[in-house]
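To start, the structure under review is shown below, and the notes come after it.
For reference, positions follow the sequence shown, starting with 1. Just so it is clear, the values below take in all heavy atoms, side chains as well, and ignore hydrogens, waters and symmetry mates. Predicted model, so just to flag it, every value in this text is computed and none were measured.
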Amino acid sequence: MRNRILYAVDCLQILKDEDVLPTGSVDLIYLDPPFNSNSTYNLPLRDKYKTASPVEAFTDTWHWTDEDDTQLQMLHADPRTRVLADLVRFAQGTERGKKTSLAAYLLNMASRLIFMRRVLKDSGSIYLHCDPTASHYLKLIMDAIFGRQNFRNEVVWGYRTGGVSKKWFGRKHDVILFYVHAEKAPYTFNLQKERSYNRDFRPYRFKNVKEYQDEEGKWYTLASMRDVWELNAIGRTSKERLGYPTQKPLALLERIIKTSSNEGDLVLDPFCGCGTTVHAAEALKRRWIGIDISTFATGLIRDRILKEFQYLSKNDIAVVGVPATIDDAKALARRDKFEFEKWVCGHIGAEGMFHDPGTPGADGGVDGLLRFFPVREKQKMMPEYAIVQVKGGNVTPDAVRALRTTVARFDVTAGIMVCFENQMSTVENQRSRETFRDTLGTYPVIQGFSVEDLLANRSPRLPLYGARRQGALLTA
């Protein structure tokens, strides 16, 4: 088993496969799954263009299907899981004809948690991150799968963020359910300490009690950590912020990993998102496996880890399920055009994916913004931008003209049409003659970039030094 591996697939597929994840092979599981929030989460645009709409990252809305009926029958037929079927049916009784389904969400979670228990060592622990939307139901699910006797804590993570209601108290906490695998097996628990401030912040001077002063001169002792954690959420100006919805702070994951694993242990995150768990695991010298159904997310995680830990190379991180060949890329483009767009943009480092519905011709959209910093003599480094348009099928002349129009509208440096090699001639024939140049050469404002180049780890042609645009941009 590799020390560092990412899977771009539904985690259920990996959890069920004993050849990939053997029974009793994982020391610690942390999962931050969808919360049944009935919300759609977007990737926000993080630059000066405020007129565009962000692209959807994932939808946390659930609907009961015929497939769910079959799965529920299977749970009920097995005496070991019949209680789970009863819980799901109870949730169905609370729905009262709603269009969204709590029962479908709980069934989805239960089917995955069953196999998480399989892969967890007898000495292992699992932390399920949720919020009050469904935490009480999930605790019943966890009791049924892991055993009520193996429950250890309901950790409350409190934070301060914007947005309050005038009709209820501010909802500013999440719940983390901590269970162990086996009641009688010894499990890893490295007790953490936290500051406990003295009354009036003065020294107690008790015998055999060590006291400390903080930066402001306030006195405190170190006490065993409680199950209420006050940790800052990821703010808009935080250096950690990646723009990924539901991103959790690194300090939160570091606390969990330090507590319930040791150096060299294997940490699994089956809903990996933007990779905070694997980031913390790498920093703390743990082995790790991250799984996320989004190919974009796995690309984002890999780039995050490589940027943060420069002793690693791409060969040190195995990525499974992300296109590695042209056939893989074409299959993804046919299966899910939006995941294909996200994968391309993530691979070349484009951010802030959005669509501009006001641009005529083809879809006229912008799938990504590639930000770069040309070097300018005696000037402060300022970013320039290239708009990225992704086409997984045919490239029409209208699509190229629409990209030219969008580049002119947003007044960016360049437009990059990413497509397969056999479509590159259309881009070459339809692009304008306008160029930009620096001291090293001349570059087309509208340029093609093939998926073949992307898989070969080549980069679009962008200037290293301050660009000067030559000529007039042709518009549709």
Side-chain angles (χ1 to χ4, degrees), residues 6-16 29-44 54-65 67-68 71-72 84 87-88 91-92 94-95 98-116 126-142 145 154-155 157 159 161 163 171 173-177 179 233-234 242-249 252-253 256 268-278 290-298 300-301 321 336 338-339 342:
L6 297 168
Y7 292 97
V9 68
D10 185 338
C11 65
L12 184 60
Q13 180 178 327
I14 302 300
L15 293 167
K16 292 172 69 173
I29 299 175
Y30 167 85
L31 63 151
D32 179 19
F35 290 174
N36 192 36
S37 61
N38 194 26
S39 300
T40 296
Y41 294 91
N42 295 322
L43 293 167
V55 76
E56 178 182 306
F58 63 89
T59 300
D60 185 14
T61 302
W62 303 82
H63 303 274
W64 193 266
T65 66
E67 205 173 299
D68 293 326
Q71 180 67 24
L72 183 60
L84 292 172
L87 287 170
V88 172
Q92 283 181 315
T94 68
E95 298 287 342
K98 290 184 179 179
K99 293 182 179 180
T100 58
S101 176
L102 170 64
Y105 169 72
L106 295 177
L107 182 64
N108 182 285
M109 289 302 305
S111 63
R112 285 154 179 77
L113 287 164
I114 288 170
F115 289 99
M116 289 182 212
I126 180 170
Y127 288 75
L128 170 55
H129 193 135
C130 49
D131 75 0
T133 306
S135 60
H136 43 305
Y137 292 102
L138 288 171
K139 190 171 186 299
L140 292 172
I141 296 289
M142 292 289 283
I145 294 172
E154 180 179 271
V155 175
W157 170 40
Y159 46 81
T161 57
R171 295 168 178 170
H173 82 275
D174 285 0
V175 174
I176 304 173
L177 302 174
Y179 284 73
I234 302 290
L242 299 174
Y244 193 86
T246 74
Q247 181 182 351
K248 300 302 183 292
L252 180 70
L253 272 300
I256 291 170
L268 168 67
D269 187 340
F271 294 88
C272 211
C274 64
T276 303
T277 302
V278 301
I291 310 172
D292 199 277
I293 199 168
S294 168
T295 54
F296 169 78
T298 49
L300 178 69
I301 296 166
D336 191 327
F338 294 111
E339 277 299 313
K342 294 176 189 178

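Using a 4.5 Å cut-off on side-chain heavy atoms (C-beta onward), Leu252 and Ile176 make contact. Contact check for Asp32 versus Asp269: no side-chain heavy atoms found under the 4.5 Å cut-off. A heavy-atom distance below 4.5 Å is found between the side chains of Met109 and Leu138. Taking 4.5 Å as the limit, some side-chain heavy atom of Asp174 sits within range of a side-chain heavy atom of Tyr159. Phe115 places none of its side-chain heavy atoms less than 4.5 Å from the side chain of Pro270. Annotation: side chain of Trp64 is in contact with side chain of Val88 (closest heavy-atom distance under 4.5 Å). Residues Ile126 and Met142 form a side-chain contact, since some pair of their non-hydrogen atoms from C-beta on lies under 4.5 Å apart. Annotation: side chain of Cys272 is not in contact with side chain of Ile291 (no heavy-atom distance under 4.5 Å).
The two residues Leu140 and Leu87 come nearest to each other via the heavy atoms O-CD1, 3.7 Å. Minimum interatomic distance between Gly321 and Thr295 (heavy atoms only, all atoms of both residues): O-CG2, 4.0 Å. Scanning both residues, Ser111 and Gln71, for their nearest heavy atoms gives CB-NE2, 3.9 Å. Minimum heavy-atom separation, Tyr105 to Ala134: CE2-CB, 3.9 Å. Pro249 approaches Ile234 most closely through the heavy-atom pair CA-CD1, 3.6 Å. Minimum interatomic distance between Ser135 and Leu177 (heavy atoms only, all atoms of both residues): O-CD1, 4.2 Å.
Atoms CG and CG, on Leu106 and Asp68 in that order, are 11.0 Å from each other to the nearest 0.5 Å. Atom CD1 of Ile256 and atom NE2 of His129 lie 8.0 Å apart (nearest 0.5 Å). With values rounded to the nearest 0.5 angstrom, Cys274 atom SG is found 8.5 Å from Lys248 atom NZ. The CG atom of Leu128 sits 10.0 Å away from atom CD1 of Ile145, with the distance rounded to the nearest 0.5 Å. Rounding to the nearest 0.5 angstrom, the gap separating the OG1 atom in Thr277 from the CD1 atom in Ile29 is 11.5 Å. Distance CG/Asp292 to OG1/Thr298: 7.0 Å, rounded to 0.5 Å.
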Name the atoms and distances for all side-chain donor-acceptor pairs under 3.5 Å in residues 6-16, with sequence neighbours left out.
{"from": "Asp10", "atom 1": "OD1", "to": "Leu12", "atom 2": "N", "distance (Å)": "3.0"}
{"from": "Asp10", "atom 1": "OD1", "to": "Arg112", "atom 2": "NE", "distance (Å)": "3.4"}
{"from": "Asp10", "atom 1": "OD1", "to": "Arg112", "atom 2": "NH2", "distance (Å)": "3.2"}
{"from": "Asp10", "atom 1": "OD2", "to": "Arg112", "atom 2": "NH2", "distance (Å)": "2.8"}

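Side-chain polar atoms of Asp131 and Thr133 form a donor-acceptor pair below 3.5 angstrom.
Remark: Tyr127 pairs with Phe178 by the ring-ring contact (aromatic ring centres under 6.0 Å, His included) rule, at least two apart or across chains.
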